[in-house]
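By convention in this document, chain letters (A, B, ...) are assigned in the order of the sequence lines, proteins followed by strands, and residues within each chain are numbered from 1. These numbers were taken from a predicted model, which means no experiment stands behind them.
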There are 2 protein chains.
Amino acid sequence: MADADTPLVLIVDDEVAQLALLSYNLKAAGFRVVTAKDGDEALLAVAEQGPDVILLDWMLPRLSGLEVCRQLKATPSGRDAAIIMVSARSEESDRVRGLETGADDYIVKPYSVAELIARVRANLRRLRPTATGQALEVGDIRLDPDSHRVTRGEQVLHLGPTEFRLLGALMERPGKVWTREALLDRVWGRDIYIDTRTVDVHVGRLRKTLLSQGGEDPIRTVRGAGYAMG
Amino acid sequence: MADADTPLVLIVDDEVAQLALLSYNLKAAGFRVVTAKDGDEALLAVAEQGPDVILLDWMLPRLSGLEVCRQLKATPSGRDAAIIMVSARSEESDRVRGLETGADDYIVKPYSVAELIARVRANLRRLRPTATGQALEVGDIRLDPDSHRVTRGEQVLHLGPTEFRLLGALMERPGKVWTREALLDRVWGRDIYIDTRTVDVHVGRLRKTLLSQGGEDPIRTVRGAGYAMG
DNA sequence: TCAACATGTGACGGTTACGTGACAACTGTC
DNA sequence: GACAGTTGTCACGTAACCGTCACATGTTGA
């Protein structure tokens, strides 16, 4: 693939004119581009193409951009992409919510093409090394990113979004000790300032759910360091 | 507490009041801080101190922040630092120029201290992806920094944070004799005032754990000098 | 053999890090 | 608008951990 090194940008917007405009400009700037017109198409494109950067419109039919963002961040390939929320609103609360949901950056309409491209470039520089896909398994615990489902043995466990992502992070590298900071960065997203003790609380809740049907505690606390799976 | 592991932040601003304010807050947040009042000082500080994060004011006498940014990114130590442009202007063209010049982030005055610190932390995390350390082995003892685990033979041993770091230091250079002072420096951190006899106590505790499942004492006491592994 | 010094180690109080229940804010739903 | 679900923060209790001391033991040199 001659173009494999060229960064791939996924544009998600329901307005075709907007798609065409962005697509044209980004291609002119030297990126590869794929597009999606709604959340489902976006999720599909992410799974199939594994883009490096996702430009995600706030207003989408069916699933809101916010919800799509949340779902993307819960999938292995989506987690490794930088998500830039694009919004017509400029209220601070939106910005905060966008970043809290796991977006890596936020850009407000109207914006110039130059700014957009600069943002894309800046976020590309921050990309993490790509990780694997597929369902994760540690011991008798199984996490399926696609169906958003967690099971222990035969039991299906119900987790909130945050705990789901937390478990996902822990399971992705079994044994690895994550510091609270690293988990905040990974699970909650960057550019957000949350007390590290919050991680403890969520680990506690996660443990409670994982232990609800009996069994060993699969999460190891490493005093002075953080948490690890297995 | 201000040991070499504490991130170093370089603040570049021509207003002394601003320098003092930022310096105070960043120190309170646990960072080490150095300051520079213009581009030349900044370049010098970068070369000499190798900061992890640079807070770069847009408006500087002589060289503009933009130009300083460009020059910094052209030096070896500057390339390794995250540059956060600080600007009173909010025009998008500035943001674009800042990011395109190689700045890693951009913050617009007025900003809250919490936001600034969050940005600094976020950029630090981005900068230092978890260094996946290689497991250390001496004899039948194995220490894995990644999973924070110590085993002797098949037995998993439990160590407190300090003993873990102590063992790590000893194992990193098998045979090397460490003075108590050197161990204090390495394990406890610089600028800390602790009785050297404390090292003896921790070595004793470490020995006790290592010997708990039988086997030879892997730590050698060198009378008048210190301790060594193997 | 003895004094002087270096090291080993049990005990102890003080501190810190962690687990967790409670709570308020907020969301989406009916 | 009542309601259930989720989230981040706080306060409190507890157990682990830490640094120091005191004394025991070992080593050195005269």
Side-chain angles (χ1 to χ4, degrees), chain A residues 62-71 73-74 91-94 96-102 148 150 157-167 177-181 183-185 187-189 192-212 217-228, chain B residues 1 30 114 118 148 150 157-167 177-181 183-184 187-189 192-212 217-228:
Chain A
R62 300 157 47 78
L63 296 172
S64 77
L66 206 60
E67 182 53 31
V68 173
C69 179
R70 193 172 288 137
Q71 292 196 19
K73 275 296 173 185
E91 290 88 38
E92 177 72 11
S93 62
D94 286 352
V96 171
R97 282 175 66 203
L99 293 176
E100 279 184 344
T101 312
H148 220 265
V150 177
L157 302 177
H158 173 72
L159 297 179
T162 304
E163 278 145 48
F164 182 83
R165 274 177 283 141
L166 176 59
L167 180 61
V177 174
W178 295 78
T179 64
R180 289 168 176 75
E181 288 242 321
L183 285 173
L184 276 180
D185 197 27
V187 176
W188 278 258
I192 192 162
Y193 196 45
I194 290 189
D195 194 296
T196 55
R197 289 303 311 279
T198 300
V199 177
D200 296 345
V201 177
H202 279 277
V203 168
R205 288 169 180 163
L206 180 54
R207 274 193 174 125
K208 192 173 172 184
T209 307
L210 292 176
L211 297 176
S212 61
D217 184 358
I219 301 177
R220 182 165 52 104
T221 301
V222 181
R223 185 162 250 263
Y227 298 97
Chain B
M1 253 291 269
H148 238 264
V150 178
L157 303 177
H158 175 74
L159 299 179
T162 305
E163 279 146 48
F164 182 82
R165 269 176 287 142
L166 176 59
L167 180 61
V177 177
W178 295 76
T179 65
R180 289 168 177 74
E181 286 79 9
L183 284 173
L184 276 179
V187 176
W188 279 259
I192 198 165
Y193 182 64
I194 289 188
D195 190 355
T196 55
R197 288 304 312 280
T198 300
V199 177
D200 295 342
V201 177
H202 277 278
V203 168
R205 289 169 180 161
L206 180 53
R207 275 192 173 123
K208 189 173 174 184
T209 306
L210 291 176
L211 297 176
S212 61
D217 183 358
I219 301 177
R220 184 162 48 100
T221 301
V222 182
R223 180 163 248 265
Y227 299 96

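- At least one side-chain heavy atom of A:V203 sits under 4.5 Å from a side-chain heavy atom of A:L166.
- A close approach under 4.0 Å does not occur between any side-chain nitrogen or oxygen of A:T221 and OP1 or OP2 of C:dA17.
- Look at NZ on A:K208: it is 14 Å from P on D:dT7, rounded to the nearest Å.
- Rounding to whole angstrom units, CZ of residue A:F164 and P of D:dT7 are separated by 13 Å.
- Computed from coordinates, the A:L206 CG to C:dT20 C1' distance equals 15 Å when rounded to whole Å.
- Going from atom CD1 of A:I219 over to atom CG of A:L206 covers 4.0 Å, rounded to the nearest 0.5 Å.
- When heavy atoms are screened at a 4.0 angstrom cut-off, B:Y227 is found touching the sugar-phosphate backbone but no base atom.
- B:V222 comes within contact range of the sugar-phosphate backbone alone, with a heavy-atom separation under 4.0 Å but no base atom that close.
- For the pair B:R207 CZ and C:dT9 C1', the computed distance is 11 Å after rounding to whole Å.
- The aromatic rings of A:F164 and A:H148 sit parallel to each other, their planes meeting at less than 30°, with 60° as the upper class boundary.
- As rounded to whole Å, 16 Å separates atom P of C:dT16 from atom CZ of A:R180.
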Going 5' to 3' through nucleotides 15-27 of chain D, assign each nucleotide B (protein heavy atom under 4.0 Å from a base atom), S (under 4.0 Å only from sugar-phosphate atoms) or - (no protein heavy atom that close). -BSSBBB----BS

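- Contact of the A:E181 side chain with the A:V199 side chain is not registered, since no non-hydrogen atoms from C-beta on lie closer than 4.5 Å.
- None of A:T196, A:D195, A:D200 except one satisfies the side chain to side chain donor-acceptor pair (under 3.5 Å) rule with A:R180; the exception is A:D200.
- Partners of A:T221 by side-chain contact (heavy atoms from CB on, under 4.5 Å), not counting sequence neighbours, listed by chain and number: A:R207, A:Y227.
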